[in-house]
Amino acid sequence: MVKRMNNSQGKVSLPVIKRLPKYYRYIAQLHKSGVATISSSELARMMGTTASQVRQDFNCFGGFGQQGIGYNVEVLEKEIGHLLFGHGEKLPTILLGAGRLGTAVSRFLTTDTNGYNLLAVFDIRQELVGHDLDGVPIHHIDELDEFCKANHPTVAVLCLPRESAKEVSGQLVELGIKGFWNFSHYDLSVAYPNVTVENAHLGDSLMSLGYRLRNK
C-alpha cells in the first residue's frame with residue numbers, strides 16, 4: 001500500500017522544499033520514459049545525492065514505498081505535483097517592470113505550466129501602456145492600487161531596480177500580495193517577514209559558477 005505524502009509531521013525545511021522541483025523534473029521524465037518503479041539509490045544517483053537524503057526528504061511528507069520494492073513513479077509524480085501545484089489552481093500574479101528582464105520573465109510565466117496566472121504587467125513608462133507582453137496587458141504603475149483591489153493578485157514578480165522595489169513593496173503587501181518572486185536585490189524577507197519571498201539573484205549564480213570553476 002502506498003503512503004500518501006503529507007506535511008503533517010512539522011514544518012518542512014527550505015532546502016527540502018527547494019529540492020522538490022528537481023525531484024519532480026526527474027520523476028516526470030522517468031514516467032514519460034515508461035519507468036514504473038525506482039529505488040531511492042537509483043533516484044539518488046540520477047540527482048547526484050544519496051539514498052539516505054532521498055528517503056529523508058520524502059519522509060518529510062509522510063514517506064513512500066515499501067522496503068525492497070521502491071517507489072511507484074506515477075504516484076511520486078502525482079504526489080509531488082500536488083505539493084508543488086495544489087489541485088491545479090493557478091496563483092493570480094502580477095509583474096512589475098516591463099524591461100528586458102521583465103519581458104523574459106513574462107514569456108516564461110505565460111508559456112510554462114508552472115501554476116501561475118499572469119494577470120497584468122506594470123511599468124512607469126507611459127509609452128508602454130496599452131501594449132502587452134506575451135498577450136498580457138501593460139498598465140501604468142499608477143493603476144496598481146485599483147487593479148489589485150479589483151483582481152486580488154496574491155503573487156508579485158519584481159523585475160525592478162532595488163530602489164524601485166523598495167518603494168513599491170510596502171504598497172504591494174498592503175494590497176494583499178502574499179508572495180514575491182524577487183529579481184530586485186532588495187531583501188523583502190527582512191522588511192516583511194510575514195510574506196513568502198523567493199529571491200532570484202542572477203549575479204550570485206554567476207559568481208558561484210565562477211568560484212566553482214576557479215577553485216576546482
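Side chains included, hydrogens not; waters and symmetry mates left out as well; all remaining heavy atoms used. Here the structure is a predicted model, which means the values were calculated and not measured. Position 1 is the first residue of the sequence, and the numbers go up from there.
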Exercise. Between Phe58 and Tyr23, what is the ring plane arrangement, given parallel below 30°, perpendicular above 60°, and tilted in between?
Worked result: tilted
For this session: Give a yes-or-no answer on whether the side chains of Thr37 and Asn72 include a donor-acceptor pair shorter than 3.5 Å.
Result: no
Exercise. Which hydrophobic side chains are connected to Val190, either touching it within the sub-4.5 Å cutoff or through other members that do?
Worked result: none
Exercise. How far does CG of Leu158 sit from CG of Leu96, to the nearest 0.5 angstrom?
Worked result: 6.0 Å
Exercise. Parallel, tilted or perpendicular: which fits the ring planes of Phe147 and His139, with parallel below 30° and perpendicular above 60°?
Worked result: tilted
Exercise. Taking C-beta and beyond as the side chain, do Arg107 and Thr103 meet within less than 4.5 Å on heavy atoms?
Worked result: yes
For this session: Report yes if the distance between the aromatic ring centroids of Phe85 and Tyr24 is under 6.0 Å, otherwise no.
Result: yes
Problem set entry | Donor + acceptor pair across side chains of Asp145, Gln171 (<3.5 Å) | yes
Exercise. Taking the side chain as C-beta and beyond, is there a heavy-atom pair between Asp134 and Thr111 under 4.5 Å?
Worked result: no
Exercise. Given the side-chain rings of Phe180 and Tyr192, with only the six-membered ring counted for Trp, is the space between their centroids under 6.0 Å?
Worked result: no
For this session: Answer yes if Leu83 and Val73 sit in the same cluster of Ile, Leu, Val, Met, Phe, Trp and Tyr residues linked by side chain heavy atoms under 4.5 Å apart, and no otherwise.
Result: yes
Seminar exercise, completed: Output for pair (Met47 CE, Ile27 CD1), nearest 0.5 Å, gives 7.5 Å
Problem set entry | Leu118 side chain near Ser106 side chain, heavy-atom distance below 4.5 Å | yes
For this session: Group every Ile, Leu, Val, Met, Phe, Trp and Tyr by side-chain heavy-atom contacts under 4.5 Å, then state whether Ile177 and Phe122 land in the same group.
Result: yes
Exercise. Closest approach of Asp57 and Arg19, non-hydrogen atoms and distance?
Worked result: OD2-NE, 2.8 Å
Seminar exercise, completed: Across all chains, not counting sequence neighbours, the ring pair (Phe, Tyr, Trp, His ring centres under 6.0 Å) partners of His140 are none
Exercise. Between Ser52 and Thr50, do the side chains contain an N or O donor and an N or O acceptor separated by less than 3.5 Å?
Worked result: no
Exercise. Counting only heavy atoms not in Glu146, do more than 12 sit closer than 6.0 Å to its CD atom?
Worked result: no
For this session: Mind telling me whether Phe108 and Trp181 have parallel, tilted or perpendicular rings, with 30° and 60° as the class edges?
Result: tilted
For this session: Without swapping roles, check the side chain of Ser164 against the backbone of Arg162 for a donor-acceptor pair under 3.5 Å.
Result: no
For this session: Any chance you could measure Leu119, atom CG, to Leu91, atom CG, to the nearest 0.5 Å?
Result: 10.5 Å
For this session: Look up atom OG in Ser184 and atom CD in Glu163, then write down how far apart they are to the nearest 0.5 Å.
Result: 10.0 Å
Exercise. For Val12 and Ile17, which heavy atoms make the closest approach, and how far apart are they?
Worked result: O-CD1, 3.7 Å
Exercise. Are the side chains of Leu30 and Met46 in touch, meaning some heavy atoms are under 4.5 Å apart?
Worked result: yes
Problem set entry | Nearest heavy-atom neighbours spanning Gly102 and Leu95 | O-CD1, 3.8 Å
For this session: For residues Asn117 and Thr93, determine if any side-chain heavy atom of one lies less than 4.5 Å from a side-chain heavy atom of the other.
Result: no
Exercise. Distance from Asn199 atom CG to Asp204 atom CG, nearest 0.5 Å?
Worked result: 9.0 Å
For this session: Would you indicate whether the side-chain heavy atoms of Glu143 and Val129 approach each other to under 4.5 Å?
Result: yes
Exercise. Is a side-chain donor or acceptor of Asn182 paired with a backbone partner of Tyr186 at a separation under 3.5 angstrom?
Worked result: yes
Problem set entry | Joint hydrophobic cluster, Val54 plus Phe61, side-chain heavy atoms closer than 4.5 Å | yes
For this session: Start with the C-alpha gap between Leu188 and Val173, add the side-chain angles, then the distance that decides, and say whether side chain to side chain contact (heavy atoms under 4.5 Å, CB included) holds.
Result: CA-CA 10 Å; Leu188 284 93; Val173 172; 5.8 Å; no
For this session: Using atom types as modelled and distance alone, determine if a side-chain donor or acceptor of Glu42 lies under 3.5 Å from a backbone N or O of Ser39.
Result: yes
Problem set entry | Distance-only polar pair, side chains of Arg55 and Ser40, donor-acceptor under 3.5 Å | yes
Exercise. More than 12 heavy atoms of other residues, nucleotides or ligands under 6.0 Å from NZ of Lys22: is that the case?
Worked result: yes
Problem set entry | Donor-acceptor under 3.5 Å (Glu89 side chain, His87 main chain) | yes
Exercise. So does Ile124 have more than 12 non-hydrogen atoms from other groups sitting under 6.0 Å from CD1?
Worked result: no
Exercise. Can we say Glu198 and Lys18 salt-bridge, meaning some charged N sits less than 4.0 Å from an Asp/Glu carboxylate O?
Worked result: yes
Exercise. Is any side-chain heavy atom of Asn114 less than 4.5 Å from a side-chain heavy atom of Leu84?
Worked result: no
Problem set entry | Leu109-Leu128 co-clustered via ILVMFWY side chain contacts under 4.5 Å | yes
For this session: Verify the cluster assignment for Tyr116 and Phe183: are they in a single hydrophobic cluster under the rule of side-chain heavy atoms below 4.5 Å apart?
Result: yes
Exercise. For the side chain of Asp123 and the backbone of Arg125, is there at least one donor-acceptor N/O pair under 3.5 Å apart?
Worked result: yes
For this session: Taking the side chain as every heavy atom from C-beta outward, state whether Ile94 and Cys148 have any pair of such atoms under 4.5 Å apart.
Result: yes
Seminar exercise, completed: Interatomic distance, NZ@Lys78 vs CG@Leu76, rounded to 0.5 Å, equals 12.5 Å
